[in-house]
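Everything numeric in this text was worked out from a predicted model, so none of it was measured. Throughout, protein chains are lettered first and strands after them, A, B, ... in sequence-line order, and every chain is numbered starting at 1.
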Amino acid sequence: MTLNYIQNNKDNIFKEWLDRLKEDSDETITNVILDQNFETYGRELVELAILKISGKQDEYERQSENFSDRMVNLGWPLRFVVNALDIFGDVVFDEMVKDKYIRQENELKVMHDLNHWLKAMNSEIINDYTDSWERTIANQKIALQELSAPLIPVFEGITVMPLIGMIDTERAKQIMENLLQGVVKHRSEVVLIDITGVPVVDTMVAHHIIQAADAVHLVGAKCMLVGIRSEIAQTIVSLGIDLNRIITKNTMKSGVEAALEMTKRKIVPLEG
Amino acid sequence: MRIPILKLHDCLLVSIQWELDDHTALQFQEDLLKKIHNTSANGVVIDLTSIDFIDSFIAKVLGDVIEMSHLMGAKVVITGIQPAVAITLTELGIGLNNVLTALDLEKGLEKLHQELGE
């Protein structure tokens with residue numbers, strides 16, 4: 001009954017719905033609506049609602065997942081989609097009242113049915129959204145982990161680990177693991193840890209660095225700390241951190257030179 | 001089971017192949033010192049490549065052995081400590097700071113000869 005009504009008056013409902021959306025939208029939402037594809041997608045949303053109402057569960061699920069994936073990719077805000085669904089419900093109801101489709105005796109039933117469909121659809125869309133967010137976050141986490149402690153062999157026996165950004169306990173653990181595994185894998189004699197990109201070196205970070213250096217010593221290589229900026233040198237000394245056991249250099253350049261010297265090599269200019 | 005100690009020119013080679021228990025570790029300490037005395041070796045290489053786990057007692061015994069060997073005039077190089085072992089040791093606060101270390105047996109022997117000035 002309701003289904004028939006919606007299907008017959010699809011265009012009407014859609015127009016009214018679009019008007020109302022435009023009425024009570026703020027800037028971000030207006031941008032979404034102004035998108036030329038919006039009408040296509042809007043229609044799709046309506047079709048989806050009809051599909052849901054008509055009870056074709058399988059097809060609905062397939063299309064809905066597909067649809068919400070695209071929504072997320074397009075950057076449609078969730079609150080907009082939810083709001084749009086709400087308004088869709090209102091519009092259908094108002095139109096029904098206007099067309100005298102709803103009478104006193106069936107009002108409750110139609111309301112109930114409508115609410116039921118909308119609620120189910122709402123929660124499904126929210127689920128799809130959160131799923132896709134969780135996926136994104138998980139992917140980003142993996143990417144972040146891969147980027148957090150890279151190890152680069154530069155010469156035979158010399159490896160560099162550039163660190164950028166804050167170091168917390170979790171990351172320090174990862175740094176340590178990557179560092180040691182890399183040293184063993186590349187058979188390095190000297191490892192340079194570059195902290196040019198580390199904004200703050202406090203006691204905790206220093207502690208982690210000292211631990212890493214100790215562990216590197218245990219596997220049989222030497223650890224050198226390079227890229228110590230003046231303010232970092234100041235904090236290290238004023239915090240009373242003892243870095244005497246680690247060889248320190250101010251730049252990567254002097255670090256590499258020292259590392260080459262340790263492995264009995266040097267860089268000479270070509271003659272002629 | 002005793003840990004075999006091999007003589008190579010003026011060096012002693014020890015490869016520890018299985019997890020040490022407390023008794024074996026102490027036995028090893030005694031054996032090694034006796035061997036150093038008998039052969040008057042100048043250097044010792046202890047290879048830990050196949051060891052995946054070291055507890056604080058074994059670490060202490062190793063540290064002691066190294067110091068004792070030192071007293072008897074033999075330099076010790078520890079080689080092949082696994083990354084996981086290195087992490088555990090540093091977390092236990094055992095840095096073995098004054099001990100020579102090397103990546104593998106080959107580099108260990110190289111380092112030993114360097115230290116002995118050959």
Inset, instruction - Flag the one option from B:Val85, B:Val99, B:Thr79, B:Leu48 with the top tally of heavy-atom pairs under 4.5 Å to chain A. - result: B:Val99
Inset, instruction - Go through A:Arg187, A:Lys173, A:Lys222 and name the one with the most non-hydrogen pairs under 4.5 angstrom from chain B. - result: A:Arg187
Inset, instruction - Flag yes if more than 12 heavy atoms outside B:Glu19 fall under 6.0 Å of its CD atom; otherwise flag no. - result: yes
Legend entry - Minimal non-hydrogen separation, A:Gln211 against B:Glu91, with atom names: NE2-CA, 3.9 Å
Legend entry - Residues, nucleotides or ligands: over 12 heavy atoms within 6.0 Å of B:Glu67 CD: no
Legend entry - Minimum heavy-atom distance between A:Gly220 and B:Thr101, given as atom pair plus value: CA-OG1, 3.4 Å
Inset, instruction - Could you tell me which non-hydrogen atom of A:Leu218 sits nearest to which non-hydrogen atom of B:Leu89, and how far apart they are? - result: CD1-CB, 3.5 Å
Legend entry - Heavy-atom pair of closest approach, residues B:Thr90 and A:Ala215: CG2-N, 3.4 Å
Legend entry - Residue A:Glu261 excluded, over 12 heavy atoms near CD under 6.0 Å: no
Inset, instruction - Over all heavy atoms of both residues, which pair between B:Ile87 and A:Glu177 is shortest? Give the atoms and the distance, please. - result: CD1-CG, 3.7 Å
Inset, instruction - Answer with side chain, backbone, both or neither: which region of B:Leu96 has an atom nearer than 4.5 Å to a non-hydrogen atom of chain A? - result: both
Legend entry - Spatial distance of atom NE2 (A:His217) from atom CD1 (B:Ile78) [nearest 0.5 Å]: 9.0 Å
Legend entry - Greatest number of heavy atom pairs closer than 4.5 Å to chain A - which of B:Pro83, B:Ala84, B:Gly108: B:Pro83
Inset, instruction - Check for a donor-acceptor pair, side chain of B:Lys107 on one end and backbone N or O of A:Glu189 on the other, with a separation under 3.5 Å. - result: no
Inset, instruction - Go through the atoms of A:Val216 and report whether side chain, backbone, both or neither lie under 4.5 Å from a heavy atom of chain B. - result: neither
